[in-house]
Amino acid sequence: MSGVLGAYADRRTWEVAAYLLLGLPLGVLGFVLLVTGFSLGLGLLVTLLGIPVLVVTILLARTLASFERRLASTLLEAPMPLGGGRIPAEPDRGLWRRLRAMFGGARTWWEVGFLLLRFPLGLLDFLVLVSIATLALCGFVQPILVAVGVDDQIGGWTIDTFGESLVLVPVSMVFLAVGPWLIRRWGRVPAWVATTMLGRLEQRELKRAVVHTLESTGDADGFLILDELELQFGRGPFLTATRVQAALLALESTEQVVGRRDASRTLYALA
């Protein structure tokens, strides 16, 4: 009994339940925003009025995706890059380059894809939560309904006696006991989806972060660079030793970074 009560007293249970409950309204909001914005923007593209409509749509989508990112990180503890993983743009970057980076960036379209999927997945999350809650409570509500004279029907079976109303009590007791566990387990699904689609660090931004790190540390090996980047972005699948090594190799190929062997390690420095 203490284990069951402890599961209901666990803050994580209610945080995951809140995320699942918000899935439907946020899914509808994102879906309507994108479908309306893209339909209107593409339809007006021949008049050039569609361009600002598309820009506003993408900006609103990125804002909503940032909110979804914080929501998943807070309620589901889904690994996300701190600060959204974005490096501040260079001061001399013009408007056209900013727009091109926004529309050409892979993460923008991952965010759009997430918002489109949020509707069916959010509906599924909502139905899972409601189903668990219904099964956990229906057995205890049924006797009350029969006692006040309200008959219920399940398929072709009409429940109109107190004895019949007790049939569902064992089912509700089981779901009442395992409900928090089921909710937290199911929460891993939207957490994985959110991390996969929203918890992304683009390679071009990772390369810029490596350059900034080397500017502050001077000569550094891959492990020190990774440690510094984890302080900036946090830990997660978006930041691995393999990705950092790939960024260093790409910077070496463009001669922005030079590497030299020092005993058993390679030290990197800005060219």
Side-chain angles (χ1 to χ4, degrees), residues 12 58-59 61-114 188 190-271:
R12 291 284 301 124
I58 291 296
L59 290 175
R62 291 178 66 179
T63 302
L64 183 57
S66 296
F67 173 74
E68 288 277 10
R69 190 178 289 110
R70 290 194 296 271
L71 198 68
S73 176
T74 302
L75 299 182
L76 300 180
E77 296 184 353
M80 294 287 174
L82 301 177
R86 288 190 171 91
I87 308 296
E90 296 89 350
D92 59 344
R93 202 174 190 187
L95 176 61
W96 170 247
R97 291 185 62 189
R98 290 173 184 267
L99 291 176
R100 188 173 62 180
M102 182 176 67
F103 279 90
R107 184 169 50 193
T108 297
W109 300 107
W110 277 102
E111 291 174 344
V112 169
F114 175 84
R188 295 182 180 183
W192 177 82
V193 173
T195 298
T196 301
M197 302 191 74
L198 296 181
R200 306 185 69 84
L201 187 61
E202 292 192 28
Q203 196 67 7
R204 62 184 177 84
E205 293 174 332
L206 182 56
K207 289 190 291 186
R208 288 174 57 198
V210 168
V211 171
H212 290 173
T213 299
L214 289 175
E215 287 176 349
S216 60
T217 63
D219 292 4
D221 61 9
F223 294 106
L224 177 58
I225 295 172
L226 179 59
D227 289 342
E228 291 293 327
L229 292 176
E230 285 180 344
L231 291 176
Q232 181 177 353
F233 295 111
R235 296 174 180 266
F238 46 83
L239 186 61
T240 63
T242 302
R243 294 203 66 198
V244 173
Q245 187 62 40
L248 286 168
L249 291 175
L251 290 169
E252 276 192 288
S253 67
T254 57
E255 299 182 347
Q256 293 178 264
V257 168
V258 293
R260 59 182 176 83
R261 295 289 298 177
D262 180 19
S264 60
R265 60 177 182 166
T266 302
L267 292 177
Y268 296 94
L270 295 179

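Along the sequence shown, residues carry numbers from 1.
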Is there side-chain contact between Leu248 and Thr266, with heavy atoms separated by less than 4.5 Å? no
Least distance between heavy atoms, Leu214 atom then Ala220 atom: CD2-CB, 4.2 Å
Tyr268 side chain near Asp221 side chain, heavy-atom distance below 4.5 Å: no
So, do Leu206 and Leu229 sit near enough that their side-chain heavy atoms are less than 4.5 Å apart? yes
Distance col, row Trp110:CH2 vs Arg200:CZ, nearest 0.5 angstrom, shows 4.5 Å
For the backbone of Arg204 and the side chain of Arg208, can you confirm whether one donor and one acceptor N or O come within less than 3.5 Å of each other? no
Distance, nearest 0.5 Å, that separates OG1 of Thr196 from CZ of Phe114: 10.5 Å
Could you tell me which non-hydrogen atom of Leu75 sits nearest to which non-hydrogen atom of Arg12, and how far apart they are? O-NH1, 2.7 Å
Student check: side-chain heavy atoms of Leu76 and Arg188 closer than 4.5 Å: no
Student check: side-chain heavy atoms of Phe223 and Val244 closer than 4.5 Å: no
Backbone N/O of Arg107 and side chain of Glu202: donor-acceptor pair under 3.5 Å: yes
With a 4.5 Å heavy-atom cut-off, do Glu228 and Thr217 have their side chains touching? yes
Let me know which of Ser73, Pro190, Pro237 forms a side chain to side chain contact (heavy atoms under 4.5 Å, CB included) with Thr195. Pro237
Closest non-hydrogen contact found for Leu251 with Thr254 is O-OG1, 3.1 Å
Using only atom types and a distance under 3.5 Å, with no angle test, would you say the side chain of Arg235 pairs donor to acceptor with the backbone of Pro79? no
Considering non-hydrogen atoms only, spot the tightest contact between Ala247 and Lys207 and give its length. CB-CG, 3.8 Å
d(Ile225 CD1, Gln245 CD) to nearest 0.5 Å is 8.5 Å
When you look at CD of Glu255, are more than 12 heavy atoms from neighbouring residues, nucleotides or ligands closer to it than 6.0 Å? no
So, Arg69 and Glu111, do they make that salt bridge, N to O below 4.0 Å? yes
How many angstroms lie between CZ in Arg62 and OG1 in Thr108, if you round to the nearest 0.5 Å? 4.5 Å
What pair of heavy atoms forms the shortest contact from Glu68 to Leu198, and how long is it? CB-CD1, 3.9 Å
Is it the case that the side chain of Arg243 and the backbone of Phe238 share a donor-acceptor pair, with hydrogens and angles ignored and the cut-off at 3.5 Å? yes
Between Met80 and Ala194 the two heavy atoms that sit nearest each other are CE-O, 3.3 Å
Measure the CG-CD distance between Leu239 and Glu230 for me, rounded to the nearest 0.5 Å. 5.5 Å
